[in-house]
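Notes follow once the structure below has been shown.
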Number of protein chains: 2
Amino acid sequence: METAIDTRQKFIEAALRLFADKGFYGASMDQIAGELDMTKQALIHHFGTKEKLYRAVLAQISERLLKQVNNQQADSGASGKNAFADAIQRLFEHTLTYADDTQLLMRELLDNKRRAAQAEVWYLRPFLEELRRLLMQTPAWAQADEAQAAAQVYNLLGAINYFAVSTTTLEQMYSARHVAALRAEFPQRLHRLAQTPPD
Amino acid sequence: METAIDTRQKFIEAALRLFADKGFYGASMDQIAGELDMTKQALIHHFGTKEKLYRAVLAQISERLLKQVNNQQADSGASGKNAFADAIQRLFEHTLTYADDTQLLMRELLDNKRRAAQAEVWYLRPFLEELRRLLMQTPAWAQADEAQAAAQVYNLLGAINYFAVSTTTLEQMYSARHVAALRAEFPQRLHRLAQTPPD
DNA sequence: ACTTTTGCTTACCAACTGGTAAGCTGTCAA
DNA sequence: TTGACAGCTTACCAGTTGGTAAGCAAAAGT
């Protein structure tokens, strides 16, 4: 017998892949369960409903992103001042490593427009708020408006995520070599964007 | 009897709304047809399959976006040099007016990752290529790599679209007044971003 | 006046959706 | 050895999915 925790985790990973790829409605319980060669009732046994499974996936992504943002490295030097720029760079790295996280994060931002009204808790909020907090610790943004800082965070996320998601398309339109070069240059570009002061 | 062309157009508009809101799989033929108080068979009669309906919607969006980008205003002064910056500003305006276009454009960029392999024609490509062309007409980008220019276009699109899509969420987290202020400032922010030179 | 075409509807379908209920099997504690 | 329980499966369900086939009434062509 497999331990419940292992199976749960494997289900969450399979669900993440399929939700990222096809969206909430596009991925069926049957398909997700099939990834582990199990029946969908096993999946329902562990999570209750599809909605709850989706939330479990989202919770894990949010936790992973938050960890990435908060994980201040020892060599980061002065915390506070550079903490935001470092967090953004780590987020970019994370985005390349965990492509599915990015894909699902973007889908969730889109769907939240509709969900926002009825959702009790929005899992991505702590992650976004933490980024905004870090930004407002930098001297340039200390006096800025909260919403303004949040907008800057969204802008940077947009740049990072669009780059990550578009690589497949760019590789098709140009070449894998070109895109690899862009990837190498992107941290510098991102650094410049992150330095943009408030209006 | 309604003329076929009118009905087709109304169907496309209804489909755009629902596809933007819930995605391809989330919106059903029955719902879309219901928006016009018709049966789904009327919809199938006009478009054949759901896939073809979706493509018709995408084609119209692409056409509208391309028109917006190419529509050089008389007061634009020197074409060529400012054409790109103007196009980006018009795109931002368009994004606010036609929110559903933006929503579906983002969904399509996400889905294209999977579609790219099998798709014969990608409807958004002419639009993206035209933007890249305009960017490369500016002095700063004339010598740049094509893929690099495309990446810059994606960056700007990311900033614009993320702002547009996040307004609902931002309004919930902060206030409508704050977000309105951000909207007013955004063109300047966008102008600065558009001036970013290549690496 | 007639036929043809256009723009739909009703009737129907197999496949699939998420979910319930009940049972079966290996593991582990008493 | 027995009982409880965890981790599944089979059986089943009503509702929905995209799609086919056939028909029907109004308009248009001749």
Side-chain angles (χ1 to χ4, degrees), chain A residues 1-60 104 107-108 111 114-115 118-120 123, chain B residues 1-60 104 107-108 111 114-115 118-120 123:
Chain A
M1 233 190 264
E2 197 97 21
T3 76
I5 283 220
D6 279 5
T7 312
R8 251 188 81 99
Q9 183 55 31
K10 282 180 189 166
F11 270 139
I12 288 182
E13 284 163 16
L16 167 58
R17 256 180 287 132
L18 286 173
F19 281 145
D21 199 36
K22 305 186 182 186
F24 180 79
Y25 298 108
S28 77
M29 298 292 272
D30 216 37
Q31 282 173 48
I32 296 168
E35 294 277 303
L36 271 79
D37 285 316
M38 284 188 177
T39 61
K40 75 176 164 189
Q41 281 72 14
L43 191 50
I44 290 176
H45 172 76
H46 282 288
F47 296 93
T49 67
K50 190 183 187 182
E51 188 67 35
K52 286 182 186 168
L53 165 63
Y54 182 75
R55 286 192 208 168
V57 171
L58 221 61
Q60 197 159 105
L104 195 57
R107 289 200 189 275
E108 182 55 23
D111 292 339
R114 206 157 53 81
R115 270 178 221 269
Q118 55 182 28
E120 334 69 76
Y123 282 94
Chain B
M1 235 190 259
E2 197 97 24
T3 76
I5 283 221
D6 280 6
T7 312
R8 252 188 80 100
Q9 182 55 31
K10 282 179 189 165
F11 270 139
I12 288 182
E13 284 162 17
L16 167 58
R17 256 180 287 132
L18 286 173
F19 281 144
D21 198 37
K22 306 187 181 183
F24 181 80
Y25 298 107
S28 77
M29 297 292 270
D30 216 38
Q31 281 173 48
I32 296 169
E35 294 278 303
L36 271 77
D37 285 317
M38 283 188 179
T39 61
K40 77 176 162 187
Q41 281 73 12
L43 191 51
I44 290 175
H45 172 74
H46 281 288
F47 296 93
T49 67
K50 190 183 188 184
E51 187 68 34
K52 286 181 186 170
L53 166 62
Y54 181 75
R55 286 191 208 169
V57 171
L58 221 60
Q60 197 158 105
L104 195 57
R107 290 201 188 274
E108 181 53 25
D111 292 339
R114 205 157 54 81
R115 272 178 219 267
Q118 56 181 28
E120 334 69 75
Y123 283 95

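Given the structure is predicted, the values throughout are model-derived calculations rather than measurements.
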Protein-nucleotide distance (A:Ile32, atom CD1; C:dT17, atom C1'), rounded to Å: 12 Å
Test side-chain hydrogen bond (donor to acceptor under 3.5 Å, both in side chains) applied to B:Gln41 - qualifying residues, sequence neighbours left out: none
Inter- and intrachain pairs under salt bridge (charged side-chain N to carboxylate O under 4.0 Å, His left out), touching residues 19-38 of chain B, at least two apart: A:Arg114-B:Asp21, B:Arg17-B:Glu35
Spacing of B:Leu43 atom CG relative to C:dG7 atom P, expressed in whole Å: 15 Å
Inter-residue atom distance A:Lys50.NZ - A:Met29.CE, 0.5 Å rounding: 7.5 Å
CD1 on B:Ile32 to NZ on B:Lys40, rounded to 0.5 Å: 11.5 Å
Whole-Å gap separating P (C:dG18) and CZ (A:Phe47): 15 Å
N or O in side chain of A:His46 less than 4.0 angstrom from D:dA6 OP1/OP2: no
Under 4.0 angstrom between B:Thr7 side-chain N/O and C:dC8 OP1 or OP2: yes
Partner residues of B:Leu58 under the side chain to side chain contact (heavy atoms under 4.5 Å, CB included) criterion, sequence neighbours left out: B:Tyr54, B:Leu104, B:Glu108, B:Tyr123
Under 4.0 Å protein heavy-atom contact, by nucleotide of nucleotides 17-24 of chain D - B base, S sugar-phosphate only: SBBBB---
Distance-only side-chain donor-acceptor flag, B:Glu13 / B:Gln60, under 3.5 Å: no
Whole-Å gap separating C1' (C:dT10) and NE2 (B:His45): 15 Å
